[in-house]
Amino acid sequence: MCSLVLDFQEMNKKQLGLVGGKGLHLGELSKIEGIRVPEGFCVTTVGYQRAVEQNETYQFMLNRLTMLSVEDRDQIVEISRKIRQTIVDVKIPSDVVTAVTHYLSRFGEEQAYAVRSSATAEDLPHASFAGQQDTYLNIIGVDAVLQHISKCWASLFTDRAVIYRMQSGFDHRQVYLSVVVQRMVFPQASGILFTADPMTSNRKLLSIDAGFGLGEALVSGLVSADGYKVREGEIIEKRIAAKTLAIYGRKEGGTETKQIDPDQQKSQTLTDEQILQLARIGRQIEAHFGQPQDIEWCLAQDTFYIVQSRPITTLYPIPEASDQENHVYVSVGHQQMMTDPMKPLGLSFFLLTTLAPMRTAGGRLFVDVTHHLASPDSREFLLNGMGQHDPLIKDALMTIMDRDFIKLLPNDKKESSPSKSNKAMPPAGAQPQFENDPTIVSDLMKRTQSSIEVLKQNIQTKSESDLFDFILEDLQELKKILFDPQSSSVFMAAMNASTWINEKMNEWLGEKNAADTLSQSVPHNITSEMGLALLDVADAIRPHPKVIDYLQHVKDDNFLDELVKLDGGQESHDAILDFLHKYGMRCAGEIDIARTRWSEKPITLVPLILGNIKIFEPNESGRKFEQGQQEALKKEKELLDRLKQLPDGEQKAKETKRMIDLVRNFMGYREYPKYGMVNRYFMYKKALLKEAERLVQAGVIHDKEDIYYLTFEELHEVVRTNNLDNPGSMVEQQAKLATRQMISKRKDEYKVYEKLTPPRVITSDGEIIAGEYKRENIPAEAIVGLSVSSGIIEGRARVILNIEDAELKDGDILVTSFTDPSWTPLFVSIKGLVTEVGGLMTHGAVIAREYGLPAVVGVENATKRIKDGQRIRVHGTEGYIEILS
């Protein structure tokens with residue numbers, strides 16, 4: 001076997017570094033029984049490395065390239081061009097020439113060949129790099145093949161390949177190029193086969209694109225292709241395109257574009273029998289590789305040849321099920337306002353906390369709602385709830401119900417009570433003990449706080465396995481608090497009262513979303529109080545210019561230690577610490593226990609504090625709260641006065657007053673259970689990190705944060721089975737190695753998950769169901785979402801994806817993917833809100849209403865469709881956005 005050139009049959013699965021992704025897959029394909037692959041070989045990466053390693057110009061240019069970023073487009077183009085020219089001019093090593101000539105003689109020197117690039121960072125499970133390097137077709141003769149090998153090597157540095165590597169985090173120096181030389185097939189037809197539908201991600205639906213001649217016509221977009229869809233051995237859709245052009249090979253080499261005979265232009269490229277035969281081949285290849293494939297095929301002399309197969313890297317993973325039945329999954333992240341992936345420790349803690357039937361996929365959580373959809377009564381409850389929370393999820397679920405996708409159960413009358421409680425306002429009347437009694441909320445909050453204090457004292461005495469047993473026991477206490485029926489009834493009463501007010505005020509007075517104004521500055525909202533508290537921190541720092549100047553330049557999380565040495569530093573230090581004492585367990589994505597908390601990285605708060613000093617006058621927190629209270633009282637009086645003028649007005653006003661009191665007394669509690677949960681999570685985390693330090697000292701893990709890539713159960717097992725005081729035995733050394741390998745694998749998986757966009761709704765077929773807003777009388781160019789806080793505002797759009805990047809001016813409108821409580825400090829500075837994720841009762845909506853900010857949420861791709869700095873108008877009452885400039 002020659003390390004410079006390998007025949008497809010000589011390759012093995014471990015030779016990615018030698019033959020690249022494309023070459024490796026061709027080698028695998030050629031060994032599948034019944035799959036026809038044109039003969040060929042690979043010029044390995046050893047040849048490429050030998051050609052360039054001693055070239056000083058290449059090394060110099062490569063050094064310059066590694067210092068650039070994606071934004072340096074002009075320099076990238078210029079340096080990449082010089083590198084390509086250098087590689088083309090380099091003499092191919094003589095032993096490479098000899099090896100290539102030898103292999104060509106075996107296949108026939110005067111044969112026509114396809115010469116194709118195969119990079120080591122290509123056709124990988126997590127990054128396809130498809131089309132980044134060059135392919136040359138119908139190359140005839142040894143000299144021509146050698147010339148095009150050089151061209152392929154050079155194509156490792158096309159502008160698109162260089163930029164793609166930068167964006168994907170690949171080091172230019174660690175990516176090498178092999179070249180595939182493959183006997184040319186001159187097809188009557190060719191195309192692409194996806195073994196999972198690329199539009200919907202449905203794994204049971206094969207999608208075939210087909211056209212006449214060589215596949216380059218389709219890939220380049222020169223012609224439209226026929227489209228065929230096959231499900232379980234049956235053609236369910238055919239789209240016949242008008243195919244005016246095709247690319248064919250020329251006798252003397254190279255390719256040419258020809259007009260297709262008019263009689264053939266609208267004919268079906270493949271017969272039905274050929275379509276089904278190709279589908280069977282696709283399923284065979286998919287089964288061999290164990291995952292959905294993107295397959296390039298061609299048809300010559302009525303025989304299908306496979307010229308490439310790569311994994312489809314864009315599909316979202318399917319949550320695992322314990323049976324073969326159809327299932328429907330709803331994203332938890334879209335409800336919890338955290339659609340980023342969670343690390344394994346975070347996922348396992350949430351699974352230990354919830355009562356819902358949850359599954360994980362792509363680092364996210366999903367609820368299996370199949371059973372709820374199967375029963376007519378629980379289905380009504382689910383759809384009504386989703387209609388309030390996220391209409392896009394509701395519409396997607398209704399689409400699924402129209403398809404007869406799941407087995408329906410007969411009406412179960414026992415389940416009817418939940419759905420009834422979701423309509424209008426019955427709970428308020430059914431639970432008179434809640435009426436006008438705000439002490440219920442304060443009692444619930446005291447109970448939670450008391451429980452947290454007990455946890456704080458007891459957890460400090462626990463370590464090793466005792467700590468894990470203690471946490472499991474305390475999680476039961478957390479569940480009792482989170483799922484306390486009285487606790488749930490409190491904010492459900494407020495939510496139902498809010499719905500009742502909106503419906504009745506619209507019906508009786510023609511007033512839309514009246515509850516929004518009535519919800520401003522409600523008491524006991526721990527999250528909105530947090531935003532105001534940071535304004536008070538700004539007030540404590542404002543009189544001290546040296547402190548302000550110091551904060552403008554700090555870059556270290558230990559900045560608080562130096563702060564006390566300045567004039568006014570002690571007061572500023574104490575104000576920040578007081579804030580962290582109450583809110584330091586919060587952070588972006590806080591439902592993931594692995595996320596860095598404000599107490600762990602207090603510098604995160606510095607830009608927010610400085611922004612408050614810059615934008616606001618002293619005592620702004622009190623003014624804001626008082627202003628919201630006055631607007632709510634004014635709206636209440638206005639509504640009651642108008643109602644009294646109506647027939648039966650006194651009764652309507654009395655009923656409405658009861659509902660307003662429920663909203664004012666209980667709506668603020670909506671945010672508190674999560675605050676209590678995050679409090680507990682942070683204490684668990686600090687205790688586990690102490691155990692992690694012992695694991696680091698014993699050499700079990702490299703870094704204490706490595707524990708985030710283990711589940712709670714796995715971490716418990718690692719602590720239990722490792723003798724941390726005497727970590728020397730062979731068995732323990734092997735266990736350490738296994739743990740480190742698992743962590744490394746999980747880190748790689750997490751990087752893949754970060755690139756995925758989680759769906760709101762996905763089925764067990766892998767199909768992503770996208771819901772739609774169904775509304776009329778919206779301007780044609782408007783961007784539609786869900787109205788969650790009324791009012792109309794115009795301003796500058798600030799598209800912000802990370803809170804650390806927030807630079808706001810008074811009057812800005814925040815446009816972001818999602819908000820959780822950590823974003824609340826920004827809400828005091830903005831005049832409106834637009835998010836991609838959210839519903840009526842999610843965090844951003846609740847706080848927007850309390851602060852009186854017009855808000856539209858659930859706006860698909862808002863951060864891409866709205867550009868930073870554009871002037872926009874947010875129609876909070878109607879639920880859409882207009883771009884003004």
Side-chain angles (χ1 to χ4, degrees), residues 6-16 19-42 103 106-108 111-114 116 118 123 125 128 130 180-198 202-215 218 225-226 228-236 268-312 315:
L6 291 174
D7 184 283
F8 291 164
Q9 298 297 319
E10 295 173 324
M11 297 176 191
N12 65 59
K13 294 179 181 179
K14 296 181 180 179
Q15 291 177 318
L16 175 67
V19 298
K22 187 181 280 117
L24 196 69
H25 286 187
L26 283 168
E28 271 296 296
L29 283 166
S30 67
K31 295 168 188 171
I32 305 174
E33 188 176 350
I35 301 299
R36 302 291 296 272
V37 177
E39 293 177 299
F41 59 88
C42 283
Y103 273 78
R106 287 172 52 188
F107 295 127
Q111 286 281 345
Y113 291 93
R116 311 167 74 191
S118 178
D123 296 345
S128 77
V180 175
V181 180
Q182 191 172 19
R183 194 191 294 267
M184 187 73 189
V185 173
F186 297 97
Q188 63 209 64
S190 55
I192 308 292
L193 161 61
F194 293 96
T195 63
D197 185 51
N202 191 329
R203 275 31 168 218
K204 290 186 178 177
L205 199 60
L206 288 99
S207 180
I208 298 171
D209 283 357
F212 296 118
L214 290 164
L218 303 185
D226 284 0
Y228 317 125
K229 294 192 187 296
V230 180
R231 184 201 296 272
E232 297 175 338
E234 180 183 350
I235 301 171
I236 64 167
Q268 189 170 312
T269 306
L270 298 180
T271 66
D272 287 4
E273 183 180 342
Q274 288 170 337
I275 292 168
L276 294 177
Q277 181 189 355
L278 184 57
R280 289 192 293 271
I281 291 171
R283 286 289 180 231
Q284 185 182 354
I285 294 171
E286 179 184 64
H288 178 84
F289 286 109
Q291 66 185 108
Q293 297 288 298
D294 166 0
I295 299 166
E296 296 176 26
W297 58 269
C298 55
L299 180 67
Q301 287 83 49
D302 296 322
T303 299
F304 281 108
Y305 290 88
I306 304 302
V307 294
Q308 184 53 289
S309 183
R310 60 175 68 89
I312 305 175
L315 298 177

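Hydrogens, waters and symmetry mates are skipped; everything else that's a heavy atom, side chains included, is used.
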Considering only heavy atoms from C-beta outward, does the side chain of Val307 approach that of Val185 to under 4.5 Å? no

Interatomic distance, CD@Gln284 vs CZ@Phe289, rounded to 0.5 Å, equals 11.0 Å

Taking only Lys NZ, Arg NE, NH1 and NH2, and the carboxylate oxygens of Asp or Glu, determine whether Glu286 and Arg283 approach each other closer than 4.0 Å. yes

Got a second to check how far Ile35's CD1 is from Ser309's OG, nearest 0.5 Å? 9.0 Å

Would you mind reporting whether Met11 and Cys42 have side-chain heavy atoms less than 4.5 Å apart? yes

Would you say Leu299 and Phe212 make side-chain contact, with heavy atoms under 4.5 Å? no

Close side-chain approach of Asp294 to Pro311, heavy-atom, < 4.5 Å: no

With heavy-atom distances below 4.5 Å as the criterion, would you say the side chains of Asp226 and Leu270 are in contact? no

Measure the shortest side-chain to side-chain distance between Trp297 and Gln308 over non-hydrogen atoms and say whether it is less than 4.5 angstrom. no

After noting the C-alpha distance and the side-chain angles of Tyr228 and Gln268, does the key distance pass the side-chain contact (heavy atoms from CB on, under 4.5 Å) rule? CA-CA 10 Å; Tyr228 317 125; Gln268 189 170 312; 3.6 Å; yes

Quick check against the 3.5 Å criterion: does Ser118 have a side-chain atom that pairs as donor or acceptor with the backbone of Val19? yes

Output, in order, the C-alpha distance, side-chain angles, deciding distance and verdict of side-chain contact (heavy atoms from CB on, under 4.5 Å) for Gln182 and Val37. CA-CA 9 Å; Gln182 191 172 19; Val37 177; 3.7 Å; yes

Please check if any side-chain donor atom of Gln293 sits under 3.5 Å from a side-chain acceptor atom of Thr195, or the reverse. no

If only atom types and distance count, is the side chain of Gln274 paired as donor or acceptor with the main-chain N or O of Thr271 below 3.5 Å? yes

Identify the heavy atoms of Arg183 and Pro38 that sit nearest to each other, and give their distance. O-CB, 3.4 Å

Nearest heavy-atom approach of Leu16 to Gly21 is CD1-N, 3.5 Å

Take Arg231 and Leu206 through the test side-chain contact (heavy atoms from CB on, under 4.5 Å) and record every step on the way to the result. CA-CA 6 Å; Arg231 184 201 296 272; Leu206 288 99; over 6 Å; no

With side-chain contact (heavy atoms from CB on, under 4.5 Å) as the criterion, how do Leu278 and Ile208 come out once you've worked through the C-alpha distance, each side chain's angles and the decisive distance to 0.1 Å? CA-CA 9 Å; Leu278 184 57; Ile208 298 171; 3.9 Å; yes

Leu205 and Ile236, any side-chain heavy atoms less than 4.5 Å apart: yes

Under 4.0 Å between a Lys/Arg side-chain N and an Asp/Glu carboxylate O for Arg106 and Asp7? yes

Looking at every non-hydrogen atom in both residues, tell me the closest pair between Ala300 and Phe186 and how far apart they are. CB-O, 3.9 Å

Before accepting this row, confirm whether a basic side-chain N of the pair Glu296/Arg116 lies closer than 4.0 Å to the acidic partner's carboxylate O. yes

CZ/Arg36: more than 12 non-hydrogen atoms of other groups inside 6.0 Å: no

So which atom in Gly282 and which in Leu193 form the shortest heavy-atom distance, rounded to 0.1 Å? CA-CD2, 3.5 Å

Output the distance between atom NZ (Lys31) and atom CZ (Phe8), rounded to the nearest 0.5 Å. 11.0 Å

Closest approach of Ala279 and Val230, non-hydrogen atoms and distance? CB-CG1, 4.0 Å

Can you find a heavy atom in the side chain of Pro198 that is under 4.5 Å from one in the side chain of Ile312? no

Without swapping roles, check the side chain of Glu39 against the backbone of Phe107 for a donor-acceptor pair under 3.5 Å. no

Is the count of non-hydrogen atoms from other residues, nucleotides or ligands lying under 6.0 Å from Gln9 atom CD greater than 12? yes

Euclidean distance, Leu24 CG relative to Lys13 NZ, rounded to 0.5 Å: 9.5 Å

Out of curiosity, Arg203 CZ to Asp197 CG, how far, rounded to the nearest 0.5 Å? 10.5 Å

Roughly how far apart are His25 NE2 and Ser30 OG, rounded to 0.5 Å? 12.5 Å

